[in-house]
Amino acid sequence: MSEALAFVREASEPEEPPPTFSSGAAAWAKANLFSSVGSSLTTLAFVGLVLSALPPMIAWATTNAVWSAPDGALCRQHQDGACWAFIFAKLDYLRFGSYPISERWRVNTVEAIGGCLIVWLLSPGAPRRDWAALMFFSAYPIMAFVLLHGSAALGLPIVDTLLWGGILVSFVTAVVGIVFSLPLGVLLALGRRSKMPVVRLASVMFIEFVRGVPFITILFMANTMLPLFVPESWTPDRLLRPLVGIALFSAAYMAEEVRGGLQLLGRGQYEGAMALGLNYPLMMGLVVLPQALTMVIPGIVNNFVGLFMDTTLVSIVGATDFLEAMNNAFKDPAWSGPTIMATGYVFAGMFYFVVDYGMTRYSAFVERKLAKGRRR
Amino acid sequence: MTRPKEAADETRGDAAIAFAALHKWYGDFHALRNINLTVRRGERIVICGPSGSGKSTLIRCVNRLEEHQRGSIVVDGVELTNDVKRIDMVRREVGMVFQSFNLFPHLTILENCTLAPIWVRKMPKRDAEDLAMTLLTRVKIPEQASKFPGQLSGGQQQRVAIARALCMNPKIMLFDEPTSALDPEMVKEVLDTMTSLARDGMTMIVVTHEMGFARQVADRVVFMDNGEIVEINAPGPFFDNPQHERTKLFLSQILH
Amino acid sequence: MGPGLMSGTEGPVNRARYNDPRVRGVIYQALLIAVIGALIGRGGYNAYVNMQARGIPMGFGFWNQIAGFEINLHLIPYSGVSTYGRAFWVGLLNTLLIAAICIPLATLLGFAVGVARLSPNWLSSRCALIYTNALRNTPLLLQLLFWYNAVLKSLPGPRQSLSLGDVVFLNNRGLFLPAAIPRPAATAFLAAVALACAAAVAFRVWARRRQNRTGAQAPVALVSAALLVGLPALATVAAGAPFSFESAKLSGFNLKGGVQVIPEMAALAFGLVTFTAAFIAEIVRAGVQAVPHGQVEAAAALGLHRGLATKLVIVPQAMRLIVPPLTSQYLNLIKNSSLAVFIGYPDLVQIFAGTVLNQTQAAVQVMAITMAVYLAISLGVAGALNTYNARHALKGAANV
């Protein structure tokens, strides 16, 4: 085909559809599943694995499962299926522990209000989220404590923390962790970046100490040493001690997240604020912190996921969280059987997974939104 | 610098690259439409056009960084297919310079240049280093040989990238917007390097917006728009007397 | 809060002492020291009074008292009449043991899953994703309890053990592996292994020198593998088997002989390895994907085929991004091993901060020692990581 040195197009080329096998399902399969001999073999192996493992698992959870029964007898007969009846039977205990039945409305109220505040706080574009934040970090904890613990003055019967258990305790522990870790963490992060050597040293020592030891040792420390370090008359409540431990522990990790955000922000913001004549508290509160915190929301949420999973450890110092409540429920002789434990652990796993995975997806969603905003 | 049209058929012997009825799709998007172009040995082609016109896609098809679905590309007598051996053969003879340099940050400048000669052409280390130093001298930065890419300016990095590609002694050099990521004061040093390369007879395809370079160095200018070749001409006639409506529109937008 | 970022900035006209940021800084710090000092002093005094009142020993005298409890896994001799101090060492060694076993295994599994995540095969990638998501989003404690209660404890008794070829046995008393008993040929075997290692290294060096000199490449990986397998095999053929394996045998109601891995240890190991591997897989994936795609293209454009490009360009850059979070995960594994206390594996926390603390009531001393141990490990690893980073950081500003 001879080609002239110069060329001027006369008619436009028509747009054509791609040839088969270069787009669509067949092409996708060729590229992703069968692109080479090794890949094809792997695909076959995995398909075999899934086909052999998945149907029994699904059957275990659904068709073979026992959905309702008064006790464990039916479950002992059907050993190839889950015993969801056990979960239904124990649901109240798993949610409230031994909280008195007549007062459980208080727990529901606290959890509902907390849930609403959190959803409000986390919805992008929701109006006046700063009010939600203010309430969540100040008024809500106080109200929650009064409602849950009770107060003679308000006519609410006192409920000893020994009776609290299950999801209630996990919820309280997580909320306490969040409410304290964010302000404390911010203070520690600012302290770590301070130019005053004493402040910086104290912050660094605290953060590195807490991050260098296992969480259990912090819980042990709070449990055994707190009563020693306060006057005899103040005997700290059994639930309060692990709460103190969680607050300090998560504050140290939060401090590192916040510090990351402060570093990301760049000198320009600090200099702009100072040029406007803002003093330190105003500069931090109005300009620096709002931006720094927003930038590390994904990191903060990841921190919360870890915190929520760490709430399972408080059972070692006697607090009955959701997992411990499940373990206690296993001991009921009316419900003994080989499938009970597996059912219980699967259910607990799904509970934690749904909460954690939900939080992770939220943080990924926020990260995408932030990335769009930052791309100038 | 025009060259009279050869009388002999250009698909054999004298052709460096021959695109014949080339089509490429990204999914359902028809990115390259019926491309027919022959690049002769020693010819300098500049491809220009608006963004999204397919210019980068076209040259990336030459060294199989992109796959075409219909038509053929013959590079230095070897037709490009899915055959890995052929692709390796072609890549050894075709050098590429990228918009974002893509130097290897964990290796020194010298090591960047000697990597491929040692591992692909199986050169002894001493010979590879001598070759690298010769080429680094040619791009005028021999003193940077033991530094790392992160310690060099953008213009220096791009010149190293050119030297690195030249170390493989390619027959054809592809440039994908080589100066678009550079600060203005460094564009000239890179263009000068490319000009001296052209003067030494290298077959080059350059995708660029630098029209001064095109005028000075190109044998032909190719204008692409919407996945197809719209106009080809020698630089003089191309810039002074564009024929097609779309060419006129494009030139009026970028030359002001 | 004083000078904040720009200490020493002169304020405008107002020169009152208390407005000078430097003076303010000193005042604030003095206040902080006073407050902390007061808290520590008051707390210490309270502790002293309380410990006196409850008869809690102060000082470390308990270290040499007899412990009086048994431990079912001890790497050094220990019995009911050993001291608390000895119990500490037993616990510490058990913690280090579980770390030494789990860190390599978790790394192997984690890298395998990470590579699967990056595979172009969609099924591979998805299954790896399901694995990492499932294990990273459920509490480690739940996973440990699952392994211990739902898996290991529900295994049949010794008489109905699950067995692999009558050599490896699994039952509710643990995992029974065959014990390797050295025979006279063992020395020859070990010598062959040592020789093979030395030969492989020597071959690598020779091959590298030859490549520098002439450019020719030698199949180093293949030859090294052949040496490491071949020489010991030769030794076995020539001198006889180096080890005789004694598997556990049923005797009465239990299995005797062989190496017994107690269910607590097996459960802790399975749980820690699978959990940590999920995190390592994500780190590997993120590290490899963070290498800019332009690097891959540049390597391809130079004619480097896939294997060489991976070895010379991608892996060095990915490892720089992988190593810091990887060491962080190793530290997490060591700290997470403290969950042993929930399933009864006798590690440092379970023995020392658990049983010893309960028996002696010397909470302050015991916790101080325990935390000091973990702090030492953390700071040691962090220090090593800093040295590695300083040496291997990419020089110069970020590549544009």
Side-chain angles (χ1 to χ4, degrees), chain A residues 28 31-33 35 38-39 42-43 46-47 49-50 190 193-199 202 208-209 211-217 220-221 224-225 227-232 270 274 280-281 283-284 305 308-313 315-316 323 327 330 338 341-342 345 348-349 352-353 356-357 360, chain C residues 1-7 25 28-30 32-33 36 43-44 46-47 49-51 53 56 119-124 127 133-134 136-143 145-146 149-150 154 331 334-339 341-342 349 353-354 357 363-364 366-367 370-371 374-375 377-379 382:
Chain A
W28 181 90
N32 288 310
L33 294 175
S35 60
S39 183
T42 318
T43 303
F46 272 113
V47 167
L49 188 71
V50 168
L190 292 175
R193 283 170 60 92
S194 164
K195 285 271 194 305
M196 293 187 269
V198 170
V199 173
E208 291 306 318
F209 171 78
R211 278 162 49 97
V213 296
F215 181 41
I216 285 195
T217 55
F220 277 176
M221 189 173 80
T224 56
M225 286 165 58
L228 290 179
F229 281 96
V230 298
E232 186 75 40
Y270 295 94
M274 281 188 281
Y280 189 87
M283 170 175 77
M284 284 299 161
V305 169
F308 188 64
M309 297 208 287
D310 281 341
T311 61
T312 53
L313 270 61
S315 61
I316 201 69
L323 197 53
N327 278 330
F330 289 153
M341 236 183 223
Y345 284 141
Y352 282 108
F353 181 80
D356 287 350
Y357 195 62
T360 316
Chain C
M1 259 207 213
L5 278 171
M6 299 190 45
S7 65
Y28 284 136
Q29 292 181 81
L32 185 65
I33 295 178
I36 293 181
N46 283 333
V49 165
N50 287 334
M51 283 165 85
I56 295 173
S119 161
N121 184 306
W122 183 87
L123 269 178
S124 263
C127 286
N133 272 347
R136 289 191 316 158
N137 286 313
T138 43
L140 174 59
L141 180 58
L142 176 59
Q143 297 179 38
L145 289 175
F146 171 79
N149 289 323
S154 60
L331 265 177
I334 297 178
K335 289 190 286 182
N336 283 337
S337 71
S338 61
L339 266 69
V341 70
F342 282 96
V349 170
L357 192 152
V364 179
V366 166
M367 291 314 300
T370 312
M371 289 172 140
Y374 280 104
L375 269 178
I377 297 176
S378 294
L379 293 176

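Numbers restart at 1 for each chain; the letters A, B, ... are given by sequence-line order, proteins then strands.
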Checklist entry - Stepwise, does the side-chain contact (heavy atoms from CB on, under 4.5 Å) test hold for Leu228(A) with Asn46(C)? => result CA-CA 7 Å; Leu228(A) 290 179; Asn46(C) 283 333; over 6 Å; no
Next on the checklist: side-chain contact (heavy atoms from CB on, under 4.5 Å) for Val366(C) and Phe220(A)? Distances and angles first, verdict last.
Outcome noted: CA-CA 10 Å; Val366(C) 166; Phe220(A) 277 176; over 6 Å; no
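Minimum heavy-atom separation, Phe342(C) to Thr312(A): CZ-O, 4.4 Å. Contact between Ile36(C) and Ala202(A) at its shortest, heavy atoms only, is CD1-CB, 4.4 Å. Between Lys335(C) and Arg211(A), the shortest heavy-atom distance links the atoms NZ-O, 2.6 Å.
Residue with the most contacts toward chain C among Val199(A), Val230(A), Val305(A): Val230(A) (heavy-atom pairs, distance under 4.5 Å). Among Ser124(C), Ala150(C), Ala134(C), the residue making the largest number of heavy-atom pairs under 4.5 Å with chain A is Ser124(C). Comparing Ile216(A), Thr311(A), Val50(A), Val47(A) by how many heavy-atom pairs each has under 4.5 Å with chain C, the most go to Ile216(A). Contact count against chain A (heavy-atom pairs under 4.5 Å) is highest for Pro139(C) among Ser378(C), Pro139(C), Ala30(C), Ser119(C). Chain A forms the most heavy-atom pairs under 4.5 Å with one residue out of Leu145(C), Ile33(C), Val341(C), and that residue is Leu145(C).
For Met341(A), the part sitting under 4.5 Å from any heavy atom of chain C is the side chain, from C-beta outward, and nothing else. Leu32(C) touches chain A through its side chain: at least one heavy atom from C-beta onward sits under 4.5 Å away, while N, CA, C and O do not. For chain C, no part of Leu49(A) is nearby; none of its heavy atoms comes within less than 4.5 Å. Of the atoms belonging to Asp310(A), not a single heavy atom falls under 4.5 Å from chain C. Residue Met371(C) touches chain A through both its backbone and its side chain, counting heavy-atom pairs closer than 4.5 Å. Looking at Leu140(C), there are no atoms closer than 4.5 Å to chain A (heavy atoms on both sides), in backbone or side chain. Proximity to chain C is limited to the side chain of Thr360(A), based on heavy atoms less than 4.5 angstrom apart. Only the side chain of Ile56(C) comes within less than 4.5 Å of a heavy atom of chain A; its backbone N, CA, C and O stay farther away. If you measure heavy-atom distances from Thr370(C) to chain A, the contacts under 4.5 Å come from the side chain alone. With a threshold of 4.5 angstrom between heavy atoms, Leu323(A) approaches chain C through side-chain atoms but not through N, CA, C or O. Looking at Phe209(A), the atoms closer than 4.5 Å to chain C (heavy atoms on both sides) sit in the backbone and in the side chain alike.
Considering only heavy atoms from C-beta on, Val198(A) stays 4.5 Å or farther from Tyr28(C) through its side chain. Counting heavy atoms from C-beta outward, Leu123(C) and Thr42(A) have side chains that stay 4.5 Å or more apart.
With a 6.0 Å radius and a threshold of 12 heavy atoms from other residues, nucleotides or ligands, Phe146(C) has its CZ atom at or below the threshold.
Side chain of Asn121(C) to main chain of Ser39(A): a donor-acceptor pair is present (N/O by atom type, distance under 3.5 Å, no hydrogens or angles). Here the side chain of Asn50(C) pairs no donor or acceptor atom with the backbone of Phe229(A) at under 3.5 angstrom.
In this structure, the separation between CG on Leu141(C) and CE on Met309(A) is 11.0 Å, given to the nearest 0.5 Å. Here CZ of Phe215(A) is found 10.5 Å from CG of Leu339(C). Values are rounded to the nearest 0.5 Å. With rounding to the nearest 0.5 Å, the separation of CD1 in Ile316(A) from OG in Ser338(C) is 9.5 Å.
Side chains of Asp356(A) and Thr138(C): no donor on one and acceptor on the other come within 3.5 Å.
Residues passing the side chain to side chain donor-acceptor pair (under 3.5 Å) test with Gln29(C): none are found, sequence neighbours excluded.
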